[in-house]
Amino acid sequence: MSKGMILATTLEELRAARGLLGAPLGLVPTMGYLHAGHISLVERARAECASVAVSIFVNPTQFGPKEDLASYPRNLPGDLKLLEDAGVNLVWMPTAEIMYPPDFQTWVNVEGLTSPLEGAMRPGHFRGVTTVVAKLFNAIQPQKAYFGQKDAQQAAVIRRMTHDLNFPIEIVVCPIKREADGLAMSSRNAYLNPAERQAATVLFCALNAAQAAYAAGERNADSLRQAMSDTINAEPLARLQYISCADNDSLEELKTVTGKTLLSMAVYLGKTRLIDNFILGE
Ligand code: AMP
């Protein structure tokens, strides 16, 4: 490729390419079907690192049995074009057999932080995430790794794992990229039909309603949750799965908002499950 972007599939190819890259190396782990949110992580890595690696791997172990692994959107040619244009040095695209050979039996599990929120709704999800990210860290050995605030709990869990397992890697969490109408960019937005796509702005509206209440002085967490659920429930195409007003570090539900607070939610639009969040008190 023209700017010298190296493509690797096997571990041998990865290791050979890894040796050619200058330090510090920044890693952006993804599941592909890339959008401007992913590219914002690449750009941050580009700005802070001598070289940038991106992994594309739809990780089967983080999907539940009834989730969308089989239908997860894929567009490898489009992804590679975006990454080449963004100046990425190395793309690793391992197969499921490379990551999980038949005799695979080692898992990485973060305990407390994975219990609430996404962890409660998606049993086993974070065990899959932390296992694959630990494998990516070991295989690629970056100095920095970039994650999105879009997946707030995931970022907190990865930070915990990185610290607890002494990976010498700095975790950088980047802001949520949104469409013009406020919808957080997500590969799963591709599932939405036009009516659902329009209705999907309700997550952003709900977060704004709670933020407005907070700005007006509301500190009762139930009132903030109520402001969010009222907004979601007013949209006929939306079905609320959970709503949360939690301490940003422990992720424990709050009675009263004092310090840095994570407002988050999961909402179904038809069969598509979307998540979004704001931080209060930054
Ligand atoms: P995924 O391909 O969905 O696993 O996402 C790969 C990385 O991109 C994760 O760290 C996500 O949090 C991040 N990401 C996804 N969507 C966005 C977004 N809209 N803004 C910023 N980062 C994002």
Side-chain angles (χ1 to χ4, degrees), residues 26-48 52-64 67-69 71-76 78-80 82-83 86 88 91-94 96 99 113 117-119 122 125-137 140 142 144-162 169-192 197 200-201 203-204 207 262 264-267 272-279:
L27 168 65
V28 181
T30 81
M31 300 205 299
Y33 209 73
L34 303 178
H35 50 67
H38 297 110
I39 299 306
S40 72
L41 272 53
V42 169
E43 283 167 355
R44 177 82 173 267
R46 214 16 327 142
E48 297 182 357
V52 177
V54 172
S55 59
I56 299 178
F57 180 60
V58 181
N59 175 36
T61 66
Q62 71 188 68
F63 287 78
E67 293 183 0
D68 55 341
L69 172 62
S71 60
Y72 197 81
R74 289 166 167 84
N75 177 10
L76 195 53
D79 290 349
L80 295 178
L82 284 175
L83 296 178
V88 166
V91 184
W92 189 33
M93 304 162 288
M99 294 305 260
L113 265 186
L117 306 175
E118 291 297 290
R122 306 182 67 188
H125 169 68
F126 285 119
R127 183 179 87 142
V129 169
T130 44
T131 299
V132 82
V133 172
K135 286 172 67 75
L136 293 171
F137 283 2
I140 301 174
K144 294 184 170 214
Y146 294 80
F147 294 87
Q149 176 63 24
K150 164 82 189 336
D151 299 280
Q153 188 176 14
Q154 169 174 281
V157 167
I158 300 285
R159 263 194 209 291
R160 185 78 260 152
M161 175 193 79
T162 303
I169 299 172
E170 182 189 335
I171 305 300
V172 181
V173 180
C174 305
I176 302 176
K177 268 270 185 194
R178 297 179 179 280
E179 303 287 355
D181 63 4
L183 175 65
M185 290 184 181
S186 166
S187 307
R188 288 189 168 100
N189 293 348
Y191 298 142
L192 301 170
R197 168 63 189 84
T201 56
L203 286 85
F204 184 64
L207 291 163
L262 180 70
S264 66
M265 64 182 68
V267 176
T272 305
R273 183 178 181 277
L274 300 180
I275 59 172
D276 201 352
N277 68 83
F278 276 12
I279 295 178

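As a basis for the values below, the full set of heavy atoms in this structure was taken, side chains included, without hydrogen atoms, waters or symmetry mates. Not measured: the values here are computed from a predicted model. First listed ligand is number 1; within each ligand, the first listed atom is number 1. Along the sequence shown, residues are numbered consecutively beginning with 1.
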Peer 1: With a heavy-atom distance limit of 4.0 Å, tell me whether Leu34 approaches ligand 1 through its side chain, its backbone, both, or neither.
Peer 2: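 No part of Leu34 comes within reach of ligand 1.
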Peer 1: So, does Pro175 sit close enough to ligand 1 that a heavy atom of it is under 4.0 Å from the ligand?
Peer 2: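 Yes; Pro175 lies near enough to ligand 1 that a heavy-atom distance drops under 4.0 Å.
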Peer 1: Can a non-hydrogen atom of Ala36 be found less than 4.0 Å from any atom of ligand 1?
Peer 2: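 No, that is not the case, since the closest heavy atom of the residue is not under 4.0 Å from the ligand.
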Peer 1: For a side chain to side chain contact (heavy atoms under 4.5 Å, CB included) check, start with the C-alpha distance between Met99 and Leu136, then their side-chain angles and the critical distance, and finish with the verdict.
Peer 2: CA-CA 9 Å; Met99 294 305 260; Leu136 293 171; 3.9 Å; yes
Peer 1: Need the ligand 1 atom indices (1-based, order shown) with element for anything under 4.0 Å from a heavy-atom of Asp151.
Peer 2: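 The list of qualifying atoms is 11 (C), 12 (O).
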Peer 1: Heavy-atom contacts with Pro29 under 4.0 Å: which atoms of ligand 1 show up? List them by number with element.
Peer 2: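 Listed by number with element, the hits are 6 (C), 7 (C).
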Peer 1: Show which atoms of ligand 1 fall inside a sub-4.0 Å distance from at least one heavy-atom site of Phe147.
Peer 2: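 Counting atoms of ligand 1 from 1, those under 4.0 Å from Phe147 are 10 (O).
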Peer 1: How many angstroms lie between CH2 in Trp92 and CG in Leu27, if you round to the nearest 0.5 Å?
Peer 2: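 Trp92 CH2 to Leu27 CG: 10.0 Å, rounded to 0.5 Å.
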Peer 1: Look up atom OG1 in Thr162 and atom CD in Glu170, then write down how far apart they are to the nearest 0.5 Å.
Peer 2: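 If we round to the nearest 0.5 Å, Thr162:OG1 and Glu170:CD are 11.0 Å apart.
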Peer 1: From the options Ala145, Ser40, Gly148, select the one whose nearest heavy atom is closest to atom 13 (C) of ligand 1.
Peer 2: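 Ranked by closest heavy atom to atom 13 (C) of ligand 1, first place is Gly148.
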Peer 1: Let me confirm one number: the NE2-OG distance from His35 to Ser186, rounded to the nearest 0.5 Å.
Peer 2: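 Those atoms lie 5.5 Å apart.
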Peer 1: Of the options Ile176, Val173, Ile275, Ile158, which is the one that meets Asp151 in a side chain to side chain contact (heavy atoms under 4.5 Å, CB included)?
Peer 2: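 Single pass found, and it is Ile275.
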Peer 1: Which ligand 1 atoms does Gly37 reach within 4.0 Å, using its non-hydrogen atoms?
Peer 2: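 In order of number, 18 (C), 20 (N), 21 (C), 22 (N).
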Peer 1: Check contact between His35 and ligand 1, using heavy atoms of the residue and a distance below 4.0 angstrom.
Peer 2: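 Within the 4.0 Å threshold, so yes.
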Peer 1: Going by distance only, is there an N or O of Ile176 that falls short of 3.5 Å from an N or O of ligand 1?
Peer 2: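 Such a contact does not occur with ligand 1.
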Peer 1: Does an N or O from Thr30, backbone or side chain, lie closer than 3.5 Å to an N or O of ligand 1?
Peer 2: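 Not met; the criterion fails.
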Peer 1: Any idea which of Met31, Arg178, Lys177 brings a heavy atom closest to atom 18 (C) of ligand 1?
Peer 2: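 Shortest heavy-atom distance from atom 18 (C) of ligand 1: Lys177.
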Peer 1: Answer yes or no: does an N/O atom from Lys150 fall short of 3.5 Å to an N/O atom of ligand 1?
Peer 2: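 Looking only at distances, the answer is no, because the N/O contact criterion of under 3.5 Å is not met.
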Peer 1: Between OG1 of Thr130 and CD of Gln154, what distance do you get to the nearest 0.5 Å?
Peer 2: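 Going from the OG1 atom of Thr130 to the CD atom of Gln154 covers 9.5 Å.
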Peer 1: Find the distance between CD (Glu179) and CG (Asn189) and round it off to the nearest 0.5 Å.
Peer 2: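 Output value for this atom pair is 6.5 Å.
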Peer 1: How does Ser186 reach ligand 1, if at all, at less than 4.0 Å between non-hydrogen atoms: by side chain, backbone, both, or neither?
Peer 2: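 Looking at Ser186 and ligand 1, no heavy atom falls under 4.0 Å.
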Peer 1: For Val42 versus Ala86, what's the shortest heavy-atom pair and its separation?
Peer 2: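 Minimum heavy-atom contact is CG1-CB, 3.8 Å.
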Peer 1: Tell me the closest heavy-atom pair linking Ile56 and Pro94, and the distance in Å.
Peer 2: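 Taking every non-hydrogen atom into account, O-CD, 3.8 Å.
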Peer 1: Can you pull out the closest protein heavy atom to atom 8 (O) of ligand 1? Residue, atom name and distance to 0.1 Å, please.
Peer 2: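 In this structure, atom 8 (O) of ligand 1 has His38 CD2, 3.4 Å as its nearest protein heavy atom.
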Peer 1: For the atom pair CZ (Arg127) and CZ (Arg122), what is the distance rounded to the nearest 0.5 Å?
Peer 2: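 One gets 14.5 Å once the value is rounded to the nearest 0.5 Å.
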Peer 1: Under 4.0 Å from a heavy atom of Met185: which atoms of ligand 1 are those, numbered in the order shown and with their elements?
Peer 2: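 By the 4.0 Å cutoff, the relevant atoms are 16 (N), 17 (C), 18 (C), 19 (N).
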